[in-house]
Protein chains: 2
Amino acid sequence: MDDKVDIANDENVMPHVCRACEARHGGICSVLSGSQLAALSKHSTRKTINAGTEVVGQGESVGSYSNILRGVVKLSKMMADGRQQIVGLQFAPDFLGRPFSPESSLTAEAATGTEICAFPRAVIERMIADTPGLEHRLYDQSLKELDEARDWMLTLGRKTAREKVASFLYMIATHIDPLADDGSAFDLPLSRADIADFLGLTIETVSRQMTKLRNDKIIHVENNRHVTVPDIERLNEAAGND
Amino acid sequence: MDDKVDIANDENVMPHVCRACEARHGGICSVLSGSQLAALSKHSTRKTINAGTEVVGQGESVGSYSNILRGVVKLSKMMADGRQQIVGLQFAPDFLGRPFSPESSLTAEAATGTEICAFPRAVIERMIADTPGLEHRLYDQSLKELDEARDWMLTLGRKTAREKVASFLYMIATHIDPLADDGSAFDLPLSRADIADFLGLTIETVSRQMTKLRNDKIIHVENNRHVTVPDIERLNEAAGND
DNA sequence: CGCCTGCTTGATGGACTTCAACATGTGTGG
DNA sequence: CCACACATGTTGAAGTCCATCAAGCAGGCG
């Protein structure tokens, strides 16, 4: 009844759906006890989201938070006249949502086919209040996102189009395939239009810089989406990071 | 001896230096008990920092965290060839430092004459571990900074030079003088060079856009630093926020 | 096949940078 | 007190990078 649960016993309480879940390793669920997982899973729903579908709209009130189980979610902001900027990409097993804010200041949209595990706002917020470890885990993610956002500000403000495109490719290469010290291949999770919105460029400029990087043998492209990087350090140089 | 301290008694323990301190209201110290303040103040040192002096350098290991008591601190990143981007501005009573990271990925420099209250890393980190309320307060600030960084990414990536300068002026006006619904006057905390580094522009472009905004009667400038805004809504429009 | 969507390539123009000169203010030393 | 250097900011002219406008290409699908 109280919270002094026997650990072994507690583990047995862990819901079936959570046992094989990716978010248990690295996601916020990794800091929850078996009984907490059980409580949470009662209110959670898994959803599959097609590429291009909006999860949360800019200015909408937010009813739920989620874990990303698979896929890539893009966070973007739009101006009244339609100009758009992608301000963040989130990968599994990131937590999706802005705690303590009743409405969203940005749009979250699936960039690829995506699977999420959604919980009602109130349940998560109560659990945050009760579980310092959970808040710590969320704080850690927000610090990571802040570091990434600031890195990206340097890219947006001071890099050339070529460096921007190279920076984007380098970021994707290291995120998708974290252990690729040398040689790396991946599918781009974003269309040219999305890449342009991420880099503050136009589609045409992105395309042109991609072909230039291809001509310079820094990348190799197949089917417009599949990229191989023979020497990741050369790409990093092209991105302006020395 | 233990932590069950009588509240009234606890308040009496509050150090003299903290009683009149701005950081007790709104700063992280606002969530600490009197005895915690006492423990912290034993290790704290007040410092006055002249404009232009570096507090922490990019890549340096960080020995201490601080509260900003007065002034404005700019956070910036620099590329190997000297290109620079300011990625954040911090005002009193913000907390200065990146918890859980042994070395800084950015440079912190006083933009104006600044006063800080510095604590050793270890003391703060131990106190964070013991005090959920403190971690929550820091989490809150990092969420606020993340929101600001993402707003700024839209500005850097998608706005014109005129809109960028107007956005900067609007941001300063609302930060310095939070209750100015209509009509507002302030001193710019940043030089033209700093503003350019903040906006991803050159000094000359900033200067030109300032004179255009002046000619359009959206702002009025005295002595290059003192700005008055007759109608804050017109400035907000010029910034592209409708 | 025809139409669509996503991507590439080319030609032109414009916004911002670069280079340069000039203005203003401030401190220093004769 | 003026002469001078130096830092900060403004203004002008020329050049460059990227956006815009426009056409064409390749793959998917009714």
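None of the values given here were measured: they were computed from a predicted structure. The chains referred to below are lettered A, B, ... by the order of the sequence lines, with proteins before strands, and numbering in each begins at 1.
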Q: Report the distance from atom NE2 of B:His226 to atom C1' of C:dG25, rounded to the nearest whole Å.
A: 18 Å
Q: Return the value, rounded to whole Å, for the distance between atom NZ of B:Lys159 and atom P of C:dA15.
A: 18 Å
Q | Sugar-phosphate, base or nothing in reach of B:Gly52, heavy atoms under 4.0 Å | A | nothing
Q. When the distance from CZ of B:Arg83 to P of C:dT18 is rounded to whole Å, what number comes out?
A. 10 Å
Q | Protein-nucleotide distance (B:Lys212, atom NZ; D:dG12, atom P), rounded to Å | A | 12 Å
Q. Nearest to the side chain of B:Gln209, which nucleotide is it out of C:dC16, C:dC7, D:dT10?
A. C:dC16
Q.
At less than 3.5 Å, do the side-chain atoms of A:Arg225 and the base atoms of C:dG6 form a donor-acceptor pair?
A. no
Q. Given side chains that start at C-beta, do those of A:Val87 and B:Asp151 come closer than 4.5 Å, heavy atoms only?
A. no
Q | Proximity to the side chain of A:Ala161 - top-ranked nucleotide from C:dC7, D:dC18, C:dC16 | A | D:dC18
Q) Any side-chain N or O of B:Asn224 less than 4.0 Å from the OP1 or OP2 oxygen of D:dT10? A) yes
Q | Interatomic distance, B:Glu60 atom CD to B:Thr107 atom OG1 [nearest 0.5 angstrom] | A | 8.0 Å
Q | Distance-only donor-acceptor test, B:Arg208 side-chain atoms vs C:dT18 base atoms, 3.5 Å | A | yes
Q: Using whole Å, report how far CG of B:Asn223 lies from P of C:dA23.
A: 19 Å
Q) Can you find a side chain N or O atom of B:Thr211 that sits less than 4.0 Å from OP1 or OP2 on D:dT10? A) no
Q | B:Leu188 CG - D:dT8 P separation (whole Å) | A | 15 Å
Q: Tell me whether the centres of the aromatic rings in B:Phe119 and B:His43 are closer together than 6.0 Å.
A: no
Q: Return the nearest nucleotide to the side chain of A:Arg214; candidates are C:dC7, D:dT10, C:dT9.
A: C:dT9
Q. Tell me: CG of A:Asp194 to C1' of C:dT5, nearest whole Å?
A. 14 Å
Q: Report, as yes or no, whether the 6.0 Å neighbourhood of atom CG on B:Asn223 holds more than 12 heavy atoms from other residues, nucleotides or ligands.
A: no
Q) Considering only heavy atoms and no angle criterion, is a donor-acceptor pair shorter than 3.5 Å present between the side chain of B:Glu204 and the base of C:dC19? A) yes
Q) What's the CG-C1' distance between B:Asp197 and C:dT17, to the nearest Å? A) 14 Å
Q.
Using OP1 and OP2 only, check whether a side-chain N or O of B:Thr202 sits under 4.0 Å from C:dT17.
A. yes
Q.
Using a heavy-atom cut-off of 4.0 Å across all strands, would you classify A:Ser191 as base, sugar-phosphate, or nothing?
A. sugar-phosphate
Q: Check step by step if salt bridge (charged side-chain N to carboxylate O under 4.0 Å, His left out) holds for A:Arg192 and A:Asp197.
A: CA-CA 9 Å; A:Arg192 297 290 186 278; A:Asp197 280 342; over 6 Å; no
